[in-house]
Structure formats: structure tokens, C-alpha cells
**Q** 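Here's a structure for you.
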Amino acid sequence: MLDKRPENMLRINDNALAKQFIDEQVKEIREQVKDKKVLLALSGGVDSSVVAALLIKAIGKQLVCVHVNHGLMRKGESEQVIEVFGKQLDANLIYIDATDRFLSLLEGVCEPEKKRKIIGGEFIKVFDEEARKLEGISFLAQGTIYPDILESDGVKAHHNVGGLPEDMKFELVEPIRLLYKDEVRVVGKALGLPAEMVDRQPFPGPGLGVRCLGAITRDRLHALREADAILREEFDINNLSSKVWQYFIAVPDMKSVGVRNGKRYEGWPAIIRAVNTVDAMTATIEEIPYPVLHKITDRITKEVEGINRVLLDLTPKPIGTIEWE
Ligand code: XMP
């Protein structure tokens, strides 16, 4: 397998080039896999979704997709994976709701790197357990993209299933390993994946786990998920989704005093982070119109149980990282 992008490789930026890439890959995948079975950890992110759609096109039911819901997904994400891959594309999809496993391991753990390690480690464990139940798997497909190869310590270390035990090593199928992110999106569209899946903003492997700051509790995680869904909805309505690279809510483990329905109401603050960047190494703050901010504040404080304030993070990177943890 090529690990370096050939110099004459065209940047895939239209449907025709995408179709050509898809045809080539379908052929290559069939040649590599023959009649064997391929396993894929399908997170529902852009990269793994495009790999899944490519493999379904190439080898259909020889692909087994495993979607592990670690309980730290955004609102509606696991449901979308089931709808698109399980129902519309009729994939061989195994859905595992491992929420309780992850949340009980994370109970009381405040340290960000420890949280990441627990989430990454448990993900591999759940995936490994599932893989062992399956018979006749010869290949592991991964949504590695070109920047992952270029950055040897890529941020996706947690996401990719690189850490499987020695006896579970499979031959890899990495059909989009030479593509940049923008090309992956064009290919995804040409494969017929829904726009909201293909144009999605990046989402860290540990998911909402690094946005529910400090020790995660179910009630605060729920509040974060609901507030994040409102932010995304309002960004869509106000045409900001395509202008802002990454936007989300973080909820710290602290409460302040407020008033709701004439009574004292203690709640957590929801922090809005909305940044633009080219490579995630540095980031600038996108100006959000005040009327939109007022609407978001109004909706979150009225609709989300447990939140009584909305704050806006104006810190560029550096000095602040994009995520809070
Ligand atoms: P930071 O917070 O380092 O984030 O400025 C840069 C980009 O990386 C994403 N990110 C992660 N992605 N696993 C991931 O797959 C992680 O542990 C992780 N931490 C940060 C972040 O969302 C941003 O896009």
C-alpha cells in the first residue's frame, strides 16, 4: 500500500474526480479482500463513515461494522449511524450501547489525560470483545487520512483502533489514507452520504467526555448534550455552520446562583466555543452576531435542566486550546 501521495495525484474537488476515485478504490478493495471479511469500527465521523460507504459499495455484507456508543456521543449521533448504515445502506452493523461501562469507569475521575486514557482503553476493550465473537475476520478497515500519516502522533490516536492486542492484529484496509479531509467530504457526497454526516465538524474521539469538564456525572453530561444540540440547531438556522470550523458547548463542574420561576436556581454555566482554523494548530474566534447569542442563551437557559448561565469563550489558540480539556 502506498503511504505517500503521488506528486501527480489531483486534488479531488468535484463529483467526477470523486467517482473516479471511488471506482479505483472499489476495484482495489475487491482485489485486496477477495471473499474475506472486513471489520470496521464505525464512529459515525466523516472518515469512518466514508470508509464504510466505500466498503459497502465494494464488498457489501463482507463488511462488518461495529458502532460502539460510549455514552459520550452528541445528541442523535448513534441514531443517525443506525438509520444511515443499518437501514438505508443495509450494512452488516453491530450496535453496542456501552454507556454504562464507560460512565462507571469514569466516575469520580477529574484529570483530563486520565479520562482520555480510560475512554481510549475501554473503547479498544469493547471493540476487541466484539471482534472475538465474530468468526472469519481477516481485515481491519480504518479511516486513516493523509494528515494522520503526516502527523505521526496524530490526534486520532484514541480514535483509531491501533491499540488492539497482538493476537488481534489484522491486515489493514485503509482506502482513504492518501486523501485530505476536504477530499474525503467530496468522496462522501459522491457516495450518497447525507450532507449532515459528510460536512460535520470535527469531533474528538473522547467525545463529550472532554467537554463535561472534571468528573463526569450523568445529569451534567445530559445538560451538556442538550445545550450542544441547541447550539448546533441555532448555528444551522442562522447559516453559521458553514462559516465556523468547530463550535460546541463545554460545561464546567461548578454552579452559580440564579433565579428561575421566582425561585433560587443553582445551575452550571454553558460555555460556547466557536473557532475557525485551517489546521487546528492555531485558531481564531469567529464573531457571532449578538441576536444569535441572545437566542441561544434564551433557549439553553429555558430548555436545559441544570443550566442557568451561558458564557462565550473569546480565547484564541494559542493561548487556549480548542477543547477545554
Ligand atoms: P486542541 O484542543 O488540542 O484540539 O486545540 C485540536 C483539535 O483536535 C481535536 N481533539 C481531539 N481529537 N481525540 C481526537 O480525536 C482527542 O483526544 C482530541 N483532543 C482534541 C479537537 O476537537 C480539535 O479539533
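If you're wondering where the values come from, they're calculated on a predicted model, not measured in any experiment. We count ligands from 1, going down the list as the structure has it; atoms in each ligand are counted the same way.
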**Q** Among His222, Glu226, Glu233, exactly one meets side-chain hydrogen bond (donor to acceptor under 3.5 Å, both in side chains) together with Lys75. Which residue is that?
**A** Glu226
**Q** Could you work out, with side-chain hydrogen bond (donor to acceptor under 3.5 Å, both in side chains) as the rule, every residue matching Lys4, not counting sequence neighbours?
**A** none
**Q** Would you mind finding which of Pro318, Gly209, Pro204 brings a heavy atom closest to atom 9 (C) of ligand 1?
**A** Pro204
**Q** Consider every N or O of Ile322 and every N or O of ligand 1, then say whether any pair is closer than 3.5 Å.
**A** yes
**Q** Distance only, no hydrogens: is a donor on one side chain within 3.5 Å (strictly under) of an acceptor on the other, for Asn276 and Thr284?
**A** no
**Q** Do any N/O atoms on Ala280 end up under 3.5 angstrom from N/O atoms on ligand 1?
**A** no
**Q** Give yes if a backbone or side-chain nitrogen or oxygen of Glu323 is under 3.5 Å from a nitrogen or oxygen of ligand 1, and no if not.
**A** yes
**Q** Which atoms of ligand 1 sit under 4.0 Å from any heavy atom of Trp245?
**A** 24 (O)
**Q** Just checking Tyr180 against Tyr146, ring centres under 6.0 Å apart?
**A** yes
**Q** What residues form a ring pair (Phe, Tyr, Trp, His ring centres under 6.0 Å) with Tyr265, not counting sequence neighbours?
**A** none
**Q** Ligand 1 and Arg116, any nitrogen or oxygen pair closer than 3.5 angstrom?
**A** yes
